Amino acid sequence: MTSARRRSYGVKGAPYAFLLPATVLFALFFALPIGYAVWLSLHKVKVSGLGLGAGARSEVWAGLENYTDSLTDSELLAGALRVLGYGCIVVPVMLGLALLFALMLDSEKVRLAPFTRLAIFLPYAIPGVVAALLWGFLYLPSVSPFYYVLDALGLPQPDLLDGGPLYGALSNIAIWGGTGFNMIVIYTSLRAIPAEVHEAAKLDGATPLQTALRIKIPMVAPSLVLTFFFSIIATLQVFNEPTTLKPLTNSVSTTWSPLMKVYRDAFGTGDIYRAAAEAVIIALATLVLSFGFLRAANRRNRQDARQGGAR
C-alpha cells in the first residue's frame, strides 16, 4: 500500500476516531442502562413454595404484565396528576419571569446590569437539594423568621406544607432555582439581535414596550421554545423538591411524583422489575410530549415563514 493511499485512509478514518470516545461513553452510560431497564421491565420474580432456599426465587419472562400493572396503578396516575398541577404553576410563572428579567436587563436604561444578572442567575448554581432544604426550613413555623414576623404583627400564619399551599411551596423552589438559567438563555438571544433593528424601531417612533412586544419577543421565539422544552422535561422528572420536603410534612407521600414512585418500588419494596417498567413509561411519556411540542413549534414556524414570504 502506497503512502498516498495510507494518508487517504487516515483522512477518511479521522472523523470516526474522534467520534469513538463519545460513542463508547454514550453506549456505556446511556444506551446500555436504557436497554437493561427495558430488559428488566419485561421480567419478574417467580416464587416457589415459601420462597426459601436455593432456587426458590427465579427470574421469568413477564411480557407486558409490569406495564399493564403500572398503567392501572392508581398511585402512579395520582402522582402524574399532581405533577401536572405542579407544572401548570411552575412552567408559565418561571418562563414569564425569565422573559421579563431578560427584557429588563436588555433595556438601555438598566443600571448595574452585570450584578443584577449574576444575582438572578445565582440561585441556579445552588444544588437542588440544598435549595429545597433552605426553603423547607423557611416554611416550617417553628424555625422560620417569616412566621416570627407574622406572629409579631398579629397576622395569620398559613401552613405552606399542607394541602393546596404545598403546590405553591414546591413550585416556589423550582421557580427560584430555574428562572436564572432560562433568563440567561433568553437574554443571550436578545443580545444577538442586530443593533440596526433597534435603530430602525427608534426611527419609526416605537416605544420600549412596543419594541419588546413586536420585535424582541418574536425574534427570541426559538429561545422561548428551547426553555419551554427544557422546563417540561424538568417538570416531568421532579424528584428533589418533594423528596427533600417529605421529612418535614406528612402531606408529601412516598409516591407524590412518578419518579418518587419508581424510587419507592425499586429501593423500598425491592420490586426493580415494576420500577423499571414505570421508568420506561415515564421516559416514553417525556419523549412523546417533547416530540409533540417540538413538532407543533416547527409547524408554526413553517406557517409563519410561508405567510412572511407571501407578504
Side-chain angles (χ1 to χ4, degrees), residues 86-135 138-139 145-146 160 167-238 240-241 290 293-294 296-298 300-301 304-305 308:
Y86 166 84
C88 290
I89 300 174
V90 171
V91 175
V93 175
M94 180 171 60
L95 295 186
L97 288 175
L99 178 60
L100 177 62
F101 290 148
L103 290 172
M104 292 174 62
L105 289 173
D106 192 55
S107 175
E108 296 178 354
K109 299 180 180 180
V110 68
R111 297 180 179 179
L112 300 176
F115 172 78
T116 306
R117 187 167 60 248
L118 177 62
I120 298 173
F121 178 78
L122 188 60
Y124 177 75
I126 299 176
V129 175
V130 176
L133 281 174
L134 170 65
W135 281 103
L138 290 177
Y139 294 151
F146 299 125
L160 298 178
Y167 284 88
L170 289 169
S171 301
N172 175 66
I173 300 174
I175 293 169
W176 180 79
T179 299
F181 170 80
N182 294 301
M183 180 271 296
I184 290 295
V185 174
I186 300 172
Y187 177 74
T188 303
S189 296
L190 287 172
R191 300 303 296 173
I193 297 176
E196 294 80 3
V197 176
H198 297 282
E199 294 174 359
K202 288 181 180 179
L203 292 175
D204 289 340
T207 64
L209 180 59
Q210 291 173 332
T211 303
L213 295 177
R214 299 181 181 180
I215 297 177
K216 292 184 178 181
I217 294 179
M219 294 190 72
V220 300
S223 295
L224 294 176
V225 171
L226 179 65
T227 54
F228 188 80
F229 175 71
F230 287 153
S231 299
I232 289 178
I233 295 176
T235 299
L236 293 175
Q237 298 178 353
V238 60
N240 286 336
E241 292 85 354
S290 303
F293 171 73
L294 289 178
N298 291 333
R300 178 64 181 273
N301 291 335
D304 293 342

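The shown structure was predicted, so the numbers you read here are calculated from the model rather than taken from an experiment.
The distance from the CE atom of Met219 to the CD1 atom of Ile215 is 8.0 Å, given to the nearest 0.5 Å. Between the CZ atom of Phe181 and the CE atom of Met94 there is a distance of 10.0 Å, given to the nearest 0.5 Å. Atom CG of residue Asn182 and atom CG of residue Leu226 lie 8.5 Å apart, to the nearest 0.5 angstrom. Expressed to the nearest 0.5 Å, how far CG of Leu105 lies from CG of Leu190 amounts to 9.5 Å. Residue Asn172 holds its CG atom at 10.5 Å from CD of Glu241, rounded to the nearest 0.5 Å. Rounding to the nearest 0.5 Å places CG of Asp106 at 10.5 Å from OG1 of Thr211.
Residues Phe146 and Leu160 fail the side-chain proximity criterion, which asks for heavy atoms closer than 4.5 Å. For the pair Pro145/Leu138, a side-chain contact is recorded, criterion being any heavy-atom separation below 4.5 Å from C-beta on. In this structure, the side chains of Tyr187 and Ile120 stay at 4.5 Å or more apart for every pair of heavy atoms. Within the 4.5 Å cutoff, side-chain heavy atoms of Leu99 are placed close to those of Leu224.
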Point to revise | Criterion side-chain contact (heavy atoms from CB on, under 4.5 Å) on Arg117 and Ile184, from CA distance to verdict | key: CA-CA 8 Å; Arg117 187 167 60 248; Ile184 290 295; 3.7 Å; yes
Practice item. Decide yes or no on side-chain contact (heavy atoms from CB on, under 4.5 Å) for Ile126 and Trp176, but give the supporting numbers first. Key: CA-CA 10 Å; Ile126 299 176; Trp176 180 79; 3.6 Å; yes
Practice item. Please step through side-chain contact (heavy atoms from CB on, under 4.5 Å) for the pair Val90 and Ser231, ending with a clear verdict. Key: CA-CA 8 Å; Val90 171; Ser231 299; over 6 Å; no
Check your understanding: Do Thr116 and Met104 pass the side-chain contact (heavy atoms from CB on, under 4.5 Å) test, and can you show the C-alpha distance, the side-chain angles, and the key distance before you say yes or no?
Key -> CA-CA 10 Å; Thr116 306; Met104 292 174 62; over 6 Å; no
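Within a 6.0 Å radius of CZ in Phe293, more than 12 heavy atoms belonging to other residues, nucleotides or ligands are found. Residue Tyr124 qualifies as open at atom OH: its count of foreign heavy atoms under 6.0 Å is 12 or below.
Considering all non-hydrogen atoms of both residues, Phe101 and Met183 come closest at CB-CG, 3.8 Å. Closest non-hydrogen pair, Pro218 versus Ala212, comes out as CD-O, 4.4 Å. When all heavy atoms are compared, the tightest approach of Ile89 to Val93 is O-CG2, 3.1 Å. Shortest non-hydrogen contact noted between Gly87 and Pro92 is O-CD, 3.6 Å.
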